[in-house]
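Scroll down for the structure; my scribbles are underneath it.
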Amino acid sequence: MNSSDLCGRLIGAVATEYRVDFVKKEITMRIQPAGSSPLEVRFRGIRMLGWAADDSEPQQQLELSVVGLEATEDQGWKVYFNPWYTAELEFECEHIIAGGEEVVHAGDCFEG
């Protein structure tokens with residue numbers, strides 16, 4: 001899968017499960033794209049994790065209203081999510097694995 005395809009699957013999808021593992025430096029999300037089967041996405045080698053939200057209440061599910069994927073100079077990724085348009089999750093990672101396969105860079109994308 002390439003970054004453009006992944007961006008298209010993520011925009012408007014709902015993250016029904018998500019986990020941050022600080023020891024493994026990994027974020028795992030189970031995504032339910034509109035009209036498609038569920039997809040597990042792993043972001044490996046997390047660094048520079050940032051979260052800002054209007055509401056301090058934890059969310060059980062997150063709609064990915066805005067999605068951005070960019071290549072970094074070191075061949076990694078910069079990832080942006082705006083769940084429900086009320087929060088912002090931003091981080092860099094070394095690899096993105098979607099549906100068990102490595103995501104390849106096919107140009108930066110920003111949807112939403």
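Just so it is clear, the model here is predicted, and its values are computed rather than measured.
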Hey, mind stepping through Val79 and Phe81 against side chain to side chain contact (heavy atoms under 4.5 Å, CB included) and telling me if it holds? CA-CA 7 Å; Val79 180; Phe81 292 128; 3.7 Å; yes
I'd like to know whether Arg44 forms a salt bridge (charged side-chain N to carboxylate O under 4.0 Å, His left out) with Glu26, so could you lay out the CA-CA distance, the side-chain angles of the two residues, the decisive distance to 0.1 Å, and finally the verdict. CA-CA 5 Å; Arg44 294 186 172 155; Glu26 183 173 277; 3.0 Å; yes
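Taking the side chain to side chain donor-acceptor pair (under 3.5 Å) definition, one finds that Ser3 meets it with nothing, sequence neighbours left out. Taking Cys109 as the reference, Cys7, Leu69 meet the side chain to side chain contact (heavy atoms under 4.5 Å, CB included) condition, with sequence neighbours excluded. Partners of Asp21 by side chain to side chain donor-acceptor pair (under 3.5 Å), not counting sequence neighbours: none found. Taking Phe91 as the reference, Phe43 meet the ring-ring contact (aromatic ring centres under 6.0 Å, His included) condition, with sequence neighbours excluded.
Judged by distance alone, the side chain of Asn82 and the main-chain N or O of Ala87 form a donor-acceptor pair under 3.5 Å.
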Side chains of residues 31-40: which donor-acceptor pairs under 3.5 Å do they make with residues two or more places apart or in other chains?
| from | atom 1 | to | atom 2 | distance (Å) |
| --- | --- | --- | --- | --- |
| Gln32 | NE2 | Ser36 | O | 2.6 |
| Glu40 | OE2 | Arg42 | NE | 3.1 |
| Glu40 | OE2 | Arg42 | NH2 | 3.3 |

Only distances under 3.5 Å count here; give the side-chain donor-acceptor pairs of residues 95-102 to other protein atoms, sequence neighbours excluded, each with its distance to 0.1 Å.
| from | atom 1 | to | atom 2 | distance (Å) |
| --- | --- | --- | --- | --- |
| His95 | ND1 | Glu102 | OE2 | 2.9 |
| Glu101 | OE2 | Met1 | N | 2.2 |

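Val20 and Val41 fall within the same hydrophobic cluster, where Ile, Leu, Val, Met, Phe, Trp and Tyr residues are linked whenever their side-chain heavy atoms come under 4.5 Å apart, directly or through other members. Clustering ILVMFWY residues whenever any of their side-chain heavy atoms sit less than 4.5 angstrom apart, transitively, puts Val67 in the very cluster that holds Leu49. Val104 and Phe110 sit in two unconnected hydrophobic clusters of ILVMFWY residues. Membership requires side-chain heavy atoms under 4.5 Å apart, directly or through other members. Note on Tyr18 and Leu64: same hydrophobic cluster, where clusters join Ile, Leu, Val, Met, Phe, Trp and Tyr whose side-chain heavy atoms are under 4.5 Å apart, directly or indirectly. If you chain together hydrophobic residues whose side chains sit under 4.5 Å apart, Leu89 and Phe22 fall into the same group.
Heavy-atom minimum distance, Ser65 versus Glu63: OG-OE1, 2.9 Å.
Note: Ser4 OG to His105 NE2 = 8.0 Å, rounded to the nearest 0.5 Å. For the atom pair OG1 (Thr28) and CD (Glu17), the distance works out to 10.0 Å, reported to the nearest 0.5 Å.
Within the 4.5 Å cutoff, side-chain heavy atoms of Thr72 are placed close to those of Glu92.
Here salt bridge (Lys or Arg N to Asp or Glu O under 4.0 Å) pairs that include residues 70-83, with residues two or more places apart or in two chains, are Arg47-Asp74, Lys78-Glu90.
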